[in-house]
Colleague: 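Handing you this structure, nothing more for now.
Bear in mind that the values here come from a model prediction, so they are computed numbers and not experimental data. Values below: every heavy atom of this structure, side chains too, minus hydrogens, waters and symmetry copies. In what follows, chains carry the letters A, B, and so on, assigned in the order in which the sequence lines appear, proteins first and then strands, with residues in each chain numbered from 1.
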Number of protein chains: 2
Amino acid sequence: MGNSTLMGSPTPNLGILLRLLHQQWTQAIDTALDEAGFVDIRPSHSNVLAFTPSSGIQVSELSKLSKTRKQSITQAVEELEKLGYVERRPDPRDKRGRLVFLTVRGQAVQPTAMAAGKRIQQNWESVAGKETIDGLTSTLQLILERLPRGE
Amino acid sequence: MGNSTLMGSPTPNLGILLRLLHQQWTQAIDTALDEAGFVDIRPSHSNVLAFTPSSGIQVSELSKLSKTRKQSITQAVEELEKLGYVERRPDPRDKRGRLVFLTVRGQAVQPTAMAAGKRIQQNWESVAGKETIDGLTSTLQLILERLPRGE
DNA sequence: CAGATATTGACAGGTACCTGTCCATTTGGT
DNA sequence: ACCAAATGGACAGGTACCTGTCAATATCTG
């Protein structure tokens, strides 16, 4: 009712589409980890879990790898530390820094988290085709590389 | 230094790429509106400005069109109302509802905001090619349509 | 037409990012 | 060796979304 203002195709706004897809991705990761039993891990924690090597890593480095600000990583690390997934120790090579390490528990989640991402991508591939998703990935990378402000 | 843990291609994570592109889009819209002199308008306001017709519209309908929750729209409308871009009047056909209308000032921004979106898309096209961006758009739509939870 | 159900829009509160600022420490130039 | 500049990480605070709940009104059903 009240459809007097018609619209054939409601102008699919690129901003909205990107927001929705990102939400889908994020929520899928969260759901997958919940189902794997890691109910206390939230999406932002992936920025730490996905990039922490067994040799330890600084918050600043995690920030660069995950492309988020240091503050976001700091908060995620604090939460993961409280939950027992990571621990921080002073960096012997830099007295300003602290190194983040996975605990035994963290070492158990990491593969699950990595697998979740892969599984979701495969799900998208099953829906749109592997080549399409590959094309999507490279398009996103291409724009980010070539766009100004990209660092 | 410390590059012992090498990585040729650092695994371009789809979630991160989507987040970064969405940030780019959002920030570009904000910058464009700033440059056009509308410094008090923020990205979330576009969800209202882009979809409000001269005949007025309910918050719930804006929520559906912009694919965000009612609460987000309500907040954006409140802010835009304080800034003098929209006004709310009771819906004569539904005593629960209120209709959102653009003020004269709001009618001035709307075309600028719409043009900003178009301009940014053209910028992306100039960087990746029009066909690539068209492909990106339809891929995003395709995934959203075919994915579960897409309502 | 009465009662169950759905919808509108508000209130409260949480999450994942962001910017700005600050201090300790390291690094780099002369 | 010094001092300037960069870097590591913390503190404070803001934005744009989210979920859950609720009262008032509307709509659907028997």
Colleague: Please give, in whole Å, the distance from D/dA10 P to A/D94 CG?
Modeller: 13 Å

Colleague: Can you give me the bend angle of the helix from C/dC1-D/dG30 to C/dT30-D/dA1? Use the axis through the first five pairs and the one through the last five, nearest 10 degrees.
Modeller: 40°

Colleague: Of all the heavy-atom pairs spanning B/G15 and A/H22, show the shortest one and how long it is.
Modeller: O-CD2, 3.4 Å

Colleague: Are any side-chain N or O atoms of B/Q110 and backbone N or O atoms of B/L49, one a donor and one an acceptor, separated by less than 3.5 Å?
Modeller: yes

Colleague: With rounding to the nearest 0.5 Å, note down the distance linking CD in B/Q24 to CG in A/L144.
Modeller: 6.0 Å

Colleague: Which heavy atom in B/A76 sits nearest to a heavy atom in B/S44, and how many Å separate them?
Modeller: CB-O, 4.0 Å

Colleague: With a 4.0 Å limit, can you tell me whether A/S72 has a side-chain N or O closer than that to the phosphate oxygens OP1/OP2 of C/dA16?
Modeller: no

Colleague: Which parts of residues 42-49 of chain A get close to DNA chain C, meaning a heavy atom less than 4.0 angstrom away?
Modeller: A/R42, A/P43, A/S44, A/N47

Colleague: From CD of A/Q27 over to P of D/dC17, roughly how many Å is that when rounded to an integer?
Modeller: 16 Å

Colleague: So which of residues 77-90 of chain A are in contact with DNA chain D, with a heavy-atom cut-off of under 4.0 Å?
Modeller: A/R88

Colleague: Taking B/L136 as the starting point, is it possible to reach B/L142 by hopping between hydrophobic residues whose side chains are less than 4.5 Å apart?
Modeller: no

Colleague: In Å and rounded to the nearest 0.5 Å, what is the CZ to CG distance from A/R19 to B/L21?
Modeller: 15.0 Å

Colleague: Which value, rounded to the nearest 0.5 Å, describes the distance between A/I41 atom CD1 and A/D34 atom CG?
Modeller: 9.5 Å

Colleague: What's the separation between atom CD in A/E81 and atom OG1 in A/T74, rounded to the nearest 0.5 Å?
Modeller: 11.0 Å

Colleague: Between A/F101 and A/R89, is there a cation-pi geometry (under 6.0 Å to ring centre, at most 45° from the normal)?
Modeller: yes

Colleague: Considering just the side-chain nitrogens and oxygens of A/T74, establish if one lies under 4.0 Å of OP1 or OP2 belonging to D/dG9.
Modeller: no

Colleague: Think A/R69 has a side-chain N or O under 4.0 angstrom from the OP1 or OP2 of C/dT19?
Modeller: yes

Colleague: Looking at A/T52, A/D94, A/D91, which one forms a side chain to side chain contact (heavy atoms under 4.5 Å, CB included) with A/L99?
Modeller: A/D91

Colleague: Does a distance-only test, which skips hydrogens and angles, find a donor-acceptor pair under 3.5 Å between the side chain of B/Q71 and the base of D/dG20?
Modeller: yes

Colleague: Find the distance A/W25:CH2 to D/dC18:P and express it as a whole number of Å.
Modeller: 20 Å

Colleague: Calculate the interatomic distance between A/D91 atom CG and D/dA10 atom P; express it in whole Å.
Modeller: 13 Å

Colleague: At less than 3.5 Å, do the side-chain atoms of A/R96 and the base atoms of D/dT7 form a donor-acceptor pair?
Modeller: yes

Colleague: Between atom CD in A/Q75 and atom C1' in C/dC18, what is the gap in whole Å?
Modeller: 12 Å

Colleague: Distance check needed: C/dA16 C1' versus A/D30 CG, whole Å only.
Modeller: 12 Å

Colleague: What integer distance in Å separates A/L99:CG from D/dG8:P?
Modeller: 12 Å

Colleague: What's B/T68 touching, base or sugar-phosphate or nothing? Going by heavy atoms closer than 4.0 Å.
Modeller: sugar-phosphate

Colleague: To the nearest 0.5 Å, what is the distance between CG on A/L62 and NZ on A/K67?
Modeller: 13.0 Å

Colleague: More 5' along DNA chain D: B/K67 or A/I57, using each one's nearest nucleotide?
Modeller: A/I57

Colleague: What's the NZ-P distance between A/K70 and C/dA24, to the nearest Å?
Modeller: 15 Å

Colleague: Look at the side chain of A/R98 and decide which nucleotide, out of C/dT8, C/dA10, D/dG9, has an atom nearest to it.
Modeller: D/dG9

Colleague: Do B/L147 and A/I120 share a hydrophobic cluster, counting only Ile, Leu, Val, Met, Phe, Trp and Tyr and linking them when any side-chain heavy atoms are less than 4.5 Å apart?
Modeller: yes

